[in-house]
There are 2 protein chains.
Amino acid sequence: MQREVDTVEFAKAIADETRQQIMKHLCCVWLTVGEVVEKLDGRVNQPTVSHHLKKLEDVGLVHVRQEGRQRFYTLNQRRVTFCCGKLIRSFAPDYRDEYGV
Amino acid sequence: MQREVDTVEFAKAIADETRQQIMKHLCCVWLTVGEVVEKLDGRVNQPTVSHHLKKLEDVGLVHVRQEGRQRFYTLNQRRVTFCCGKLIRSFAPDYRDEYGV
DNA sequence: TTGACATATCGACAGCGGTCGATATAATAA
DNA sequence: TTATTATATCGACCGCTGTCGATATGTCAA
């Protein structure tokens, strides 16, 4: 069962270039915080990445798994579709059937 | 043909409570700026509403039509679905077929 | 042309949020 | 225990943006 979605919170969560890059890197793969930092290639440092991951986690956009002293993150694709579905239901009702949301 | 979509810009555009309220009011109906102000019931004033409408217009989320000295706005539902489609393609590829985006 | 009305633009202010360096916390290894 | 590694948290800074009042622009009527 999905937690209730606030479309404003969802939009705020993804309304940042760095966070969307992180989401791309976490799509279909589990990465540690350190690996995400590497992927971003020096654009931001570790505390900043942790900060962004927390924001994504707060709105349920990532899954987290602890293993030893590392934390693995991956994108919650289901939640993305769920939130996008709510956006379409809210702001594109004429297209609702077309997308089955 | 749709203008190219930057998912970050789209997210920023809808990442505001007031703007989402405006979008709701403009869904399936044409309203003047003054009517939008009324719908928001004193929460914000006319210049602020104009400011938000411009932001929405800049990313193609509203259609505008001038008539006399009034400007009518309505939500561009097609663009909403288009942007949400791109979000799903980018961040939920495993669900892409399911939603036909 | 003048006046009234509808909307857009401007300048200023304040709060939010992205970023950083420094440090705390937590887990493992020696 | 102590040291090391991985991540989270803290405090500060700064740019961005939502909001406002004032004013400009533009359109119509008289």
Side-chain angles (χ1 to χ4, degrees), chain A residues 6-26 29-76 91, chain B residues 6-26 29-76 91:
Chain A
D6 179 340
T7 54
V8 176
E9 280 190 2
F10 169 65
K12 284 180 190 283
I14 67 172
D16 180 81
E17 175 71 36
T18 303
R19 275 199 293 279
Q20 285 203 12
Q21 283 184 13
I22 292 174
M23 288 169 69
K24 277 268 180 52
H25 290 304
L26 292 179
V29 53
W30 290 85
L31 294 182
T32 66
V33 177
E35 287 170 329
V36 174
V37 175
E38 283 176 18
K39 295 274 187 190
L40 294 179
D41 208 33
R43 261 197 0 88
V44 290
N45 64 7
Q46 177 266 316
T48 298
V49 170
S50 279
H51 165 76
H52 286 308
L53 288 171
K54 179 164 173 30
K55 289 224 162 188
L56 293 174
E57 187 180 356
D58 286 345
V59 294
L61 280 169
V62 290
H63 293 296
V64 195
R65 170 168 55 89
Q66 180 113 18
E67 211 161 287
R69 43 188 156 189
Q70 336 201 48
R71 286 166 74 88
F72 289 82
Y73 288 86
T74 196
L75 185 60
N76 182 352
F91 301 118
Chain B
D6 179 341
T7 53
V8 176
E9 281 190 2
F10 169 66
K12 283 181 190 285
I14 66 171
D16 179 80
E17 176 70 37
T18 303
R19 274 197 296 277
Q20 286 204 11
Q21 284 184 13
I22 291 175
M23 289 168 69
K24 277 270 181 51
H25 290 305
L26 292 180
V29 52
W30 291 84
L31 293 182
T32 66
V33 178
E35 286 170 330
V36 174
V37 174
E38 282 177 16
K39 295 275 186 188
L40 294 179
D41 209 32
R43 260 197 0 87
V44 290
N45 63 9
Q46 178 266 317
T48 298
V49 169
S50 279
H51 165 76
H52 286 308
L53 287 171
K54 178 163 174 32
K55 290 224 161 189
L56 294 174
E57 188 180 354
D58 286 344
V59 294
L61 280 170
V62 291
H63 293 297
V64 196
R65 168 167 57 88
Q66 181 114 18
E67 211 162 287
R69 44 190 157 188
Q70 338 202 46
R71 285 167 73 88
F72 290 81
Y73 289 86
T74 195
L75 185 60
N76 183 352
F91 303 118

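Computed from a predicted model, the values in this text were never measured in an experiment. Because only heavy atoms are used, hydrogens play no part in the values below, and waters and symmetry mates are left out as well, while side chains stay in. Chain letters run A, B, ... following the sequence lines, proteins first, then strands; residues in each count from 1.
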Tell me the interatomic distance from B/R19, atom CZ, to D/dG18, atom C1', rounded to whole angstroms.
8 Å
From CH2 (A/W30) to NE2 (A/H63), nearest 0.5 Å:
6.5 Å
Closest approach of B/G60 and B/N76, non-hydrogen atoms and distance?
O-ND2, 3.1 Å
Can you see if the side chain of A/T18 gets near the phosphate of C/dT19 - specifically, an N or O under 4.0 Å from OP1 or OP2?
yes
Nearest heavy-atom neighbours spanning A/T48 and A/N45
OG1-OD1, 2.8 Å
Working to the nearest 0.5 angstrom, can you tell me the gap between B/L56 CG and B/L26 CG?
8.0 Å
Could you list all N or O pairs between the protein and nucleotides 22-30 of chain D that sit under 3.5 Å apart?
residue, atom, partner, partner atom, Å
D/dT27, O2, B/R69, NH1, 3.4

Whole angstroms only, please: what is the CD-C1' distance between A/E17 and D/dC16?
16 Å
Minimal heavy-atom distance between B/R19 and B/H52, with the atoms involved, is NH1-ND1, 3.0 Å
Tightest non-hydrogen contact, residues B/V49 and B/V44, listed as CG2-CG2, 3.8 Å
Has B/N45 got a side-chain N or O lying under 4.0 Å from the OP1 or OP2 atom of D/dG21?
yes
For C/dA8, does OP1 or OP2 lie under 4.0 Å from any side-chain N or O of B/R71?
yes
Reckon B/T48 has a side-chain N or O less than 4.0 Å from the OP1 or OP2 of D/dG18?
no
Side-chain heavy-atom pair A/L40, A/H25 within 4.5 angstrom cut-off
yes
Heavy-atom contacts under 4.0 Å between residues 49-57 of chain A and DNA chain D, which residues?
A/S50, A/K54
Phosphate OP1/OP2 of C/dA8 contacted by B/Y73 side-chain N/O (<4.0 Å)
yes
So, do B/V33 and B/Y73 sit near enough that their side-chain heavy atoms are less than 4.5 Å apart?
yes
Under a 4.5 Å cut-off applied to non-hydrogen side-chain atoms, are B/L61 and B/I14 in contact?
yes
Between A/K12 and B/G34, the residue closer to the 5' end of DNA chain C by nearest nucleotide is B/G34
